Number of protein chains: 2
Amino acid sequence: MPNTEAPLKRWNSIPFTKVRMEDGFWRQRLETVRSVTLPACLEQCETTGRIANFHKAGGRADGAFEGIYFNDSDVYKVLEGAAYSLMLKRDSALEEEIDRIIEAIASAQEPDGYLCTYFTLQAPDSKWTDMEKHEMYNGGHLIEAAVAYYEATGKPLILEVARRLADHYDATFGPGKRHWVEGHEEIELALVKLYRITEEERYWKLALWLLEERGHGHGVGRIWDIPEWGPPYCQDDVPVRDIEKVTGHAVRAMYLYTAMADVVHASGDPAYTAALHRVWAHTVERNMYITGGIGPSRHNEGFTEDYDLPNETAYCETCAAIAMAFWNHRMNLLFGDGAYADIVEREMYNGALAGISLSGNRFFYENPLASQGGHHRVEWYETSCCPTNLVRFLPSIGQYVYAATENGISVNQYVSSEAELELDLSGKGGGGNVRLTQTTRYPWDGSIALDIQPLSGSAAFTLRLRVPGWCKSYRASLNGQALDEARLVLDNGYLVIERAWSAGDRVVLELDMPVEKVRARDEVEANRGRVALQRGPLVYCAEQADNSGLQYDAFSIAADAVFATTHRPELLGGVTILSGRAADGTLCRLIPYYAWDNRDAGYMQVWIREATDRRLYRA
Amino acid sequence: MPNTEAPLKRWNSIPFTKVRMEDGFWRQRLETVRSVTLPACLEQCETTGRIANFHKAGGRADGAFEGIYFNDSDVYKVLEGAAYSLMLKRDSALEEEIDRIIEAIASAQEPDGYLCTYFTLQAPDSKWTDMEKHEMYNGGHLIEAAVAYYEATGKPLILEVARRLADHYDATFGPGKRHWVEGHEEIELALVKLYRITEEERYWKLALWLLEERGHGHGVGRIWDIPEWGPPYCQDDVPVRDIEKVTGHAVRAMYLYTAMADVVHASGDPAYTAALHRVWAHTVERNMYITGGIGPSRHNEGFTEDYDLPNETAYCETCAAIAMAFWNHRMNLLFGDGAYADIVEREMYNGALAGISLSGNRFFYENPLASQGGHHRVEWYETSCCPTNLVRFLPSIGQYVYAATENGISVNQYVSSEAELELDLSGKGGGGNVRLTQTTRYPWDGSIALDIQPLSGSAAFTLRLRVPGWCKSYRASLNGQALDEARLVLDNGYLVIERAWSAGDRVVLELDMPVEKVRARDEVEANRGRVALQRGPLVYCAEQADNSGLQYDAFSIAADAVFATTHRPELLGGVTILSGRAADGTLCRLIPYYAWDNRDAGYMQVWIREATDRRLYRA
């Protein structure tokens with residue numbers, strides 16, 4: 001659990017482009033996203049008319065709006081993902097294709113800056129009459145795409161379009177102007193991004209104003225027909241500074257909290273800070289699946305009652321898992337606590353990653369924790385937010401690896417990688433560039449070697465190494481010497497080494513990574529008498545393909561069952577599997593949850609029945 | 001939990017003399033026992049008149065019996081320990097000293113074979129009138145010493161004395177002769193040892209008869225004054241085949257069950273088998289401390305109510321922990337289940353080992369799991385059964401390392417050692433000698449390399465490697481190749497490798513050994529809201545010497561606290577310590593329980609308060 005008493009830390013994000021993934025778990029996935037997922041999503045945006053809508057709105061093509069009013073956002077998200085891919089690897093053919101799409105987008109912008117092809121084409125007189133119509137949601141994704149593409153290429157067009165749109169919002173809404181509550185949050189965090197790249201403070205202040213609009217009855221549209229349902233659904237039921245509990249649509253809630261954390265990073269508002277601590281605890285301690293999935297209900301794509309976490313019907317939208325990573329990344333930066341990076345990790349390796357096939361071209365929108373065999377990946381959805389969120393989440397995953405702290409560097413995620421980071425220790429005598437090289441087989445092994453090479457020969461700074469929440473014990477050495485126990489004790493989830501570093505310094509962190517039998521709080525009815533298997537950051541599941549001898553949910557494992565781990569490089573892209581005995585003696589094999597449904601259709605379950613336990617002591 | 005449905009395995013013990021301890025955890029302890037503990041105990045037996053009683057009884061010296069009626073047994077136990085030390089390392093001065101003591105013992109034997117100096121000197125007319133007077137208990141220890149010394153030296157005198165005594169028992173008691181129930185069991189297991197070395201079946205049958213005498217009202221003496229107390233105290237309340245629950249004096253109960261297991265090994269009696277399964281479950285699942293300590297009460301040096309396991313007042317006699325190892329070793333041989341070897345291990349590294357100081361000359365009779373600082377080791381006790389039990393237990397610890405199975409070898413304990421074992425695979429085409437070399441830093445590290453060298457070049461047999469109950473996950477390789485998962489699945493707690501072995505074969509077993517926070521069943525009132533720390537086979541404790549900043553029982557640790565492990569070769573003979581934060585942020589250090597009270601007096605606690613846990617999932 002994070003320390004909620006600590007003062008704000010306000011660490012800074014380090015761009016993923018600083019982190020070069022080396023061979024290992026993530027590099028192969030990033031390559032798949034670039035070569036398979038991105039082209040597939042672009043192709044879908046073409047064939048489903050999503051891109052055509054821009055041409056039509058810009059008068060470059062004839063025809064009516066096609067699809068759903070939020071479809072513009074998918075194009076923007078694919079553009080954002082394309083920008084990240086271009087940052088990782090230049091690709092002039094891809095860039096030309098994106099440039100053509102951007103021209104279409106620019107053509108669709110109305111003279112006053114308004115941009116939303118659904119309203120331009122289909123309902124030009126109904127703008128800003130229904131909070132649920134995703135006008136600013138679309139706009140937010142345009143802004144995120146614009147910032148990314150500008151950073152990737154330096155080309156100004158899309159950023160100009162985005163600024164005109166933001167300026168249009170700013171001119172229309174705000175103190176003394178019109179009220180507005182956007183039904184699906186997204187614009188707020190996007191405006192903070194825009195502020196950061198433009199350094200125009202009014203953008204983050206508009207974000208703040210939009211946050212402050214919520215919970216005061218300013219929402220408009222049909223959503224108010226059932227007041228006890230609609231306002232909580234889109235987090236318009238209470239002022240954000242009074243939030244106590246996570247409610248409603250999971251992705252919206254997460255984007256809201258992400259923006260709140262972004263705004264606190266600038267404002268420092270203690271009421272927001274307190275609200276964030278409250279809602280984080282409420283989300284993580286009562287409403288999160290072990291996979292990091294959130295939002296159990298299909299009905300509202302979101303939250304229900306505390307501890308209501310059914311497995312087969314778990315909705316757990318992929319977007320919500322990704323958004324949970326977004327939020328927790330900001331929380332980590334804001335408060336400097338490893339507990340938030342733990343959640344980022346949980347999403348990276350479980351809840352979010354399960355949303356995409358190993359092949360990169362099949363997706364889950366919903367991520368149940370158990371299936372009788374009827375839940376399968378598909379290539380696209382009518383509402384295809386999840387594939388297009390994966391396209392932008394995965395290539396940028398390197399941003400979660402490091403953070404720039406007040407006095408050095410925080411190592412938040414363990415991936416084999418090389419990074420060149422600029423130390424900004426103004427007034428502290430430090431500074432200069434440092435090369436950090438991580439060598440590890442994570443997540444298959446808990447040993448991480450970190451080579452530190454200050455490019456100026458030496459540099460005094462504080463290195464923080466996250467000891468993940470799943471880890472119960474560890475050891476560490478500096479240049480082959482075990483750290484003494486006082487130095488090994490954690491500070492808000494981090495091992496802290498303060499030192500004048502010089503070239504050749506090596507820290508080795510060894511995280512014990514046994515198989516753990518995890519149990520849910522008794523309040524979670526669905527999991528009573530059940531265990532889940534976890535090893536390191538990975539949640540495991542039993543899939544039919546590996547367990548022909550076991551019937552779905554008809555087997556149990558003994559409370560003192562023990563599991564062997566075997567790394568199988570040829571299986572599912574290379575996975576460490578667990579094998580042990582079911583209580584009836586049958587061999588039971590488990591694979592990482594993220595890797596399920598990549599073979600023949602079949603059952604899957606994360607939470608497995610546990611045989612009665614008579615033991616007096618249990619770890 | 002062991003498989004209680006499996007048929008009897010009847011494995012055979014492998015003498016500890018076959019196992020040469022190499023540098024590591026045990027070798028230094030065995031050396032200390034040989035050079036310090038044994039001479040100190042011999043000296044105490046001299047200065048307290050224990051040896052003089054034999055001279056007096058033999059008419060070689062004048063004077064009255066000194067001490068308590070069971071004091072002969074201490075001399076016998078030191079002799080047994082001396083015999084084991086001589087097996088490990090010849091020492092002619094020691095052997096001469098023992099020979100002199102044996103002559104005194106022989107001189108004290110009455111013409112009919114009777115031997116018990118208390119009765120000979122002080123109450124010759126009261127023999128066999130009070131079951132509580134330890135007559136056969138003393139005799140049992142003589143027999144054990146005799147077998148050991150004969151095996152060590154080949155000198156027949158003490159074995160002849162022992163046989164005369166056993167023959168005297170056999171002539172006096174038995175079907176058609178006198179009834180007898182011995183108040184403190186020990187003779188029964190000793191008679192089985194005598195049977196094994198002499199191959200005279202009447203000895204184990206006398207043991208069986210003595211077992212069968214219990215629970216039928218044949219006991220005599222004051223112990224019957226309070227029938228609801230005395231008979232259960234010495235396990236004379238129910239026939240042994242009807243035993244449901246562990247009762248009474250802990251050491252007596254354990255010696256009884258040890259003998260029952262020994263007898264079943266010969267008889268195969270299913271009623272005994274069932275009773276053993278019942279009483280084992282009752283002992284281990286409801287009445288054992290995490291240290292392996294048993295018998296919470298000083299009042300009866302034994303058992304009380306189920307789950308009554310107070311910490312500060314835990315009696316946990318050292319002898320009871322040793323006896324628990326004796327019993328569980330037999331259970332392992334009988335049933336071939338690793339769960340029993342787990343208990344042997346628990347006693348080896350915790351409950352029994354805590355009874356002796358690192359210096360080898362200070363002891364605990366009682367082993368509480370918490371002390372405010374008033375519990376200290378002493379050099380000797382008036383009732384000094386514990387030091388003299390350690391003197392025989394520790395040098396022979398190598399006997400627990402291997403067992404001879406029906407088709408090969410079982411590796412039960414992990415110690416750096418070299419062993420030359422004879423394979424007895426009659427009718428199975430195997431046979432011949434095999435050299436097994438274990439290389440490991442156990443108990444500090446869970447990696448064990450086992451080199452197998454059949455001395456005849458190759459040998460087909462089954463190797464069983466125990467995966468300890470504390471271990472939740474592991475992996476294994478054979479000649480550098482990971483075993484596939486079907487082969488890795490355990491059989492009654494063992495990894496099983498069937499193979500035609502040849503020189504150069506190497507099995508590497510890696511047991512994950514993280515720090516575990518262990519919780520007791522809720523029924524254990526003393527431990528509600530508390531955790532104990534365990535790593536591998538070692539239970540840890542917080543001792544005042546390492547924790548000046550923490551007050552006794554006034555601190556707690558967070559439910560998600562994480563611990564660093566540091567190996568400190570200079571501390572307490574070399575220990576891996578755990579360090580983490582108490583809930584108030586203070587550094588908390590823990591040392592292995594066995595190593596406590598080897599520095600300045602101070603508090604100690606195994607079970608530590610745990611701060612409230614809000615987590616949704618817990619491993």
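The model shown is predicted, which means the values in this text are computed figures rather than measured ones. Letters A, B, ... are given to chains in the order of the sequence lines, protein chains preceding strands, and every chain is numbered from 1.
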>> Tell me whether the rings of B:Trp470 and B:Tyr442 are parallel (<30°), tilted (30 to 60°) or perpendicular (>60°).
In response: tilted
>> Counting neighbours of CD on B:Glu570 that are heavy atoms of other residues, nucleotides or ligands and sit closer than 6.0 Å, is the number greater than 12?
In response: yes
>> Suppose we screen for side chain to side chain contact (heavy atoms under 4.5 Å, CB included). Which residues come up paired with B:Glu523, at least two apart in sequence or across chains?
In response: B:Tyr307, B:Arg521
> In terms of heavy-atom pairs under 4.5 Å, which option from A:Ala339, A:Ala559, A:Ala619 contacts chain B the most?
Replying inline: A:Ala619
>> Heavy-atom pairs under 4.5 Å with chain B: which of A:Met288, A:Glu510, A:Lys517 has the most?
In response: A:Met288
>> Using a 4.5 angstrom heavy-atom cutoff, name the option from B:Thr565, B:Leu488, B:Asp512, B:Asp484 with the most pairs to chain A.
In response: B:Thr565
> Quick check: are there more than 12 heavy atoms from other residues, nucleotides or ligands sitting under 6.0 Å from CZ of A:Arg528?
Replying inline: yes
> Relative to chain A, which segment of B:Asp522 carries a heavy atom at a distance below 4.5 Å: side chain, backbone, both, or neither?
Replying inline: neither
> Say you draw a straight line from CG of A:Asp560 to CZ of A:Arg618; how long is it, rounded to the nearest 0.5 Å?
Replying inline: 10.0 Å
> Just checking heavy atoms, which of residues 530-540 of chain B are less than 4.5 Å from chain A?
Replying inline: B:Arg535
>> Need one label for B:Thr566: side chain, backbone, both or neither, based on atoms under 4.5 Å from any heavy atom in chain A.
In response: side chain
>> Tell me every residue that passes side chain to side chain contact (heavy atoms under 4.5 Å, CB included) with A:Thr304, counting only those two or more places apart in sequence or in another chain.
In response: A:Pro296, A:Ser297, A:Asp308
> How far does CD1 of B:Ile448 sit from CZ of B:Arg466, to the nearest 0.5 angstrom?
Replying inline: 9.0 Å
> Side chain, backbone, both or neither: which part of A:Arg286 has a heavy atom under 4.5 Å from chain B?
Replying inline: backbone
> Above 12 or not: heavy atoms from other molecules or residues under 6.0 Å from CZ of B:Arg614?
Replying inline: no
> Are more than 12 heavy atoms from other residues, nucleotides or ligands located less than 6.0 Å from atom CD of A:Glu305?
Replying inline: no
>> What part of A:Leu511 gets within 4.5 angstrom of chain B, counting heavy atoms only: side chain, backbone, both, or neither?
In response: neither
>> With a 4.5 angstrom heavy-atom cut-off, is it the side chain or the backbone of B:Ile577 that approaches chain A, or both, or neither?
In response: side chain
> How long is the span from the CG atom in A:Asp546 to the CG atom in A:Leu572, to the nearest 0.5 Å?
Replying inline: 7.0 Å
> Of the listed residues (B:Arg519, B:Glu516, B:Met513), which shares the most heavy-atom pairs with chain A below a 4.5 Å separation?
Replying inline: B:Arg519
> What residues form a side chain to side chain contact (heavy atoms under 4.5 Å, CB included) with B:Arg441, not counting sequence neighbours?
Replying inline: B:Trp444, B:Asp445, B:His567
> Using non-hydrogen atoms only, which part of B:Leu309 is less than 4.5 Å away from chain A: side chain, backbone, both, or neither?
Replying inline: side chain
